[in-house]
Amino acid sequence: MSYTKTPNAFYKPLAIGAPVPFQSLPVTLERMIHFVPPHIEKIRSKIPDMVKQVDVILGNLEDAIPADAKDAARSGFIELADKNEFGGTGLWTRVNCLNSPWFLDDVTQIVSKVGNKLDVIMLPKVEGPWDIHYLDQLLAQLEAKHNVNTPILIHAILETAQGVNNIQEIAGASPRMHGMSLGPADLAASRGMKTTRVGGGHPFYGVLEDPTETGLRTLFQQDLWHYTVAKMVDACMGHGIKAFYGPFGDFSDSDACRAQFRNAFLQGCLGTWTLHPSQIKIAKDVFSPEPGEVLFAKKILEAMPDGTGAVMIDGKMQDDATWKQAKVIVDLAKLVAEKDPDLATSYEF
Ligand code: GLV
Ligand code: MG
């Protein structure tokens, strides 16, 4: 007995009058999802400036917002969504989790008041496809009721052990799925990891060098998140959705932040969260392909116009598979170039 929908039912709106689901995701540049606490007036006043600096602005309603500020954060988000024009910058919110006392009001009030401005709802603590199905149905009903024209997408945070176990089913739960982010803090707690950090490495997680003649042995630190990021990238790319790194909590260590972001980028992630203004530039640098790489990738595409065969470039063998890798980089570079004239010049477009 299979409980999977037939393909034609999968793409039907879940409520009469709701917009038709996307068959493939809109192509958008989302190098950084910049988190803001919407209950703070001073932060709301900075939104027009922020819109010019980041690819996505996210109004955070969940963790880090105190319980007594939840209502103010929700109404602050509605106000900032209503008052500002976002142009090509994405507008997202992270709602409270499904079993919290705030989730229902978060979704119903936000969609009813600013549903036509909202691109994506980030859903925390997703455990399985049932969580996505519930929000999917609710959103369809609200979209129909409030005349929302474009489907609001769902982005899941991968931050429970159960969520990791069900990752394939979550990724494929609905055409509304935009992607996933790693939530290393909640995931560490859920898994019983012995850390007290928000993302990043740990000095004791490593491989000890074999015994040496001098007796000195180096511990090579390893990436605690390698397994989960790799698993997330495969699940997302296999379903045509996007993978993202999440938060990096040590704002004083920009080098470690850059290294963590870069591992995620090289493994296939398309962006990251930025929690502090200082992380915006790091994310922009890391998630925009490096100009030298882009120029080399362009050479590969030019040398193999139909994408087949084998050629040598600068002593390195290229074939159909390197052509595909080059295309990933050049396609991303084109998207970045549309937004960033300086990088367009370095990429020689
Ligand atoms: C993010 O929400 C995390 O738990 O790391
Ligand atoms: Mg979390």
Side-chain angles (χ1 to χ4, degrees), residues 22-34 51-58 86-90 92 119-120 153 155 171 177-182 225-226 229-230 232-246 248 257-274 279-307 313-314 316 318-349:
F22 290 116
Q23 293 223 357
S24 52
L25 282 182
V27 178
T28 43
L29 185 65
E30 292 163 337
R31 293 167 296 182
M32 74 294 292
I33 303 162
H34 189 61
V51 166
K52 298 183 206 133
Q53 291 175 43
V54 302
D55 296 339
V56 174
I57 291 183
L58 177 145
F86 294 87
T89 301
W92 297 22
D119 297 301
V120 177
L153 298 177
H155 183 101
M177 282 301 293
H178 163 278
M180 273 182 219
S181 292
L182 173 74
W225 304 105
H226 178 83
V229 170
M232 178 177 70
V233 168
D234 285 342
C236 288
M237 293 308 275
H239 285 90
I241 66 174
K242 297 176 168 187
F244 290 74
Y245 183 73
F248 189 91
C257 175
R258 185 178 290 270
Q260 184 76 82
F261 285 0
R262 196 183 285 123
N263 284 355
F265 175 68
L266 288 170
Q267 279 185 281
C269 290
L270 285 154
T272 183
W273 302 4
T274 50
Q279 294 181 336
I280 295 172
K281 177 161 177 356
I282 303 175
K284 206 175 267 187
D285 288 351
V286 171
F287 288 92
S288 307
E290 203 265 309
E293 254 336 326
V294 176
L295 298 182
F296 189 67
K298 280 169 69 181
K299 264 195 202 174
I300 299 174
L301 297 190
E302 280 155 22
M304 298 173 60
D306 71 354
I313 301 178
D314 303 347
K316 300 183 190 89
Q318 313 299 329
D319 67 1
D320 309 41
T322 49
W323 186 92
K324 288 177 196 154
Q325 292 176 54
K327 186 154 180 336
V328 168
I329 292 179
V330 172
D331 285 351
L332 178 58
K334 282 184 185 154
L335 207 55
V336 171
E338 279 170 24
K339 188 148 183 179
D340 191 326
D342 288 345
L343 278 170
T345 310
S346 337
Y347 294 159
E348 298 179 13
F349 280 132

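Owing to the predicted nature of the structure, the values given are computational and were not obtained by experimental measurement.
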### Message
Strictly distance-based, threshold 3.5 Å: is any side-chain N or O of H178 a donor or acceptor partner for the main-chain N or O of I241?
### Response
no
### Message
Could you tell me if the side chain of R258 sits less than 4.5 Å from the side chain of V286, heavy atoms only?
### Response
yes
#### Entry: Atom pair CG (D119) and CG (L58), whose distance is rounded to the nearest 0.5 Å
11.0 Å
### Message
What I'd like to find out is whether the side chain of L29 reaches to under 4.5 Å of the side chain of L270, using heavy atoms alone.
### Response
no
#### Entry: Contact summary for A297 and A326, nearest pair of heavy atoms
O-CB, 3.6 Å
#### Entry: Rounded distance (nearest 0.5 Å) linking atom NZ of K298 with atom CD of E293
13.5 Å
### Task
Report the distance from atom CG of D314 to atom CD1 of I300, rounding to the nearest 0.5 Å.
9.5 Å
### Query
Looking at side-chain heavy atoms only, is the closest gap between W92 and I57 below 4.5 Å?
no
### Task
Measure the spacing between CZ of R262 and CD of E290 and express it to the nearest 0.5 Å.
9.0 Å
### Query
Given F244 and I33, is the side-chain contact (heavy atoms from CB on, under 4.5 Å) satisfied, shown in steps?
CA-CA 9 Å; F244 290 74; I33 303 162; 3.7 Å; yes
## Note on the structure
All heavy atoms of F296 vs all of Q318, minimum pair found to be CZ-NE2, 3.6 Å
### Query
Does the T89 side chain pair with the main chain of V51, one donor and one acceptor, at a distance under 3.5 Å?
yes
### Message
Between T272 (side chain only) and G246 (backbone N and O only), is there a donor and an acceptor less than 3.5 Å apart?
### Response
yes
### Query
Can V336 and R31 be said to form a side-chain contact (heavy atoms from CB on, under 4.5 Å), step by step?
CA-CA 9 Å; V336 171; R31 293 167 296 182; 3.7 Å; yes
### Message
What I want to find out is whether D320 reaches K324 closely enough, with some N-O distance under 4.0 Å, to be called a salt bridge.
### Response
no
### Query
Hey, are the side chains of C269 and F287 touching, using non-hydrogen atoms and a 4.5 Å cut-off?
yes
### Task
Tell me, with the steps shown, if L182 and M232 meet side-chain contact (heavy atoms from CB on, under 4.5 Å).
CA-CA 8 Å; L182 173 74; M232 178 177 70; 4.2 Å; yes
### Message
Can you pull out every side-chain hydrogen bond (donor to acceptor under 3.5 Å, both in side chains) where at least one residue sits in residues 333-349? Sequence neighbours excluded, please.
### Response
D55-K339
### Query
Taking everything shown except K299 itself, do over 12 heavy atoms lie less than 6.0 Å from its NZ?
no
### Query
Do F248 and Q279 have side-chain heavy atoms sitting under 4.5 Å apart?
yes
### D331 side chain reached by L335 side chain, heavy atoms, under 4.5 Å
no
### Message
Minimum heavy-atom separation for A235 and A171, please, with both atom names.
### Response
O-CB, 3.7 Å
### Task
With the side chain counted from C-beta on, respond yes when W225 and N263 share a heavy-atom pair under 4.5 Å apart, and no when they do not.
no
### Backbone of D285 reached by a side-chain donor or acceptor of S288 within 3.5 Å
no
### Task
For the pair F349 and L343, evaluate side-chain contact (heavy atoms from CB on, under 4.5 Å) and give the outcome as yes or no after the intermediate values.
CA-CA 9 Å; F349 280 132; L343 278 170; over 6 Å; no
### Query
Are any non-hydrogen side-chain atoms of S181 and W273 less than 4.5 angstrom apart?
yes
### Summary
Interatomic distance, CD@E302 vs CD1@I313, rounded to 0.5 Å, equals 9.0 Å
## Note on the structure
salt bridge (Lys or Arg N to Asp or Glu O under 4.0 Å) pairs touching residues 232-244, sequence neighbours excluded, are E30-K242
### Query
Do side-chain atoms of K284 reach the backbone of M32 as a donor and acceptor pair under 3.5 angstrom?
no
### Query
Mind checking what makes ring pair (Phe, Tyr, Trp, His ring centres under 6.0 Å) contact with H34, not counting sequence neighbours?
none
### Task
Find the distance between CG (D319) and CD (Q325) and round it off to the nearest 0.5 Å.
9.0 Å
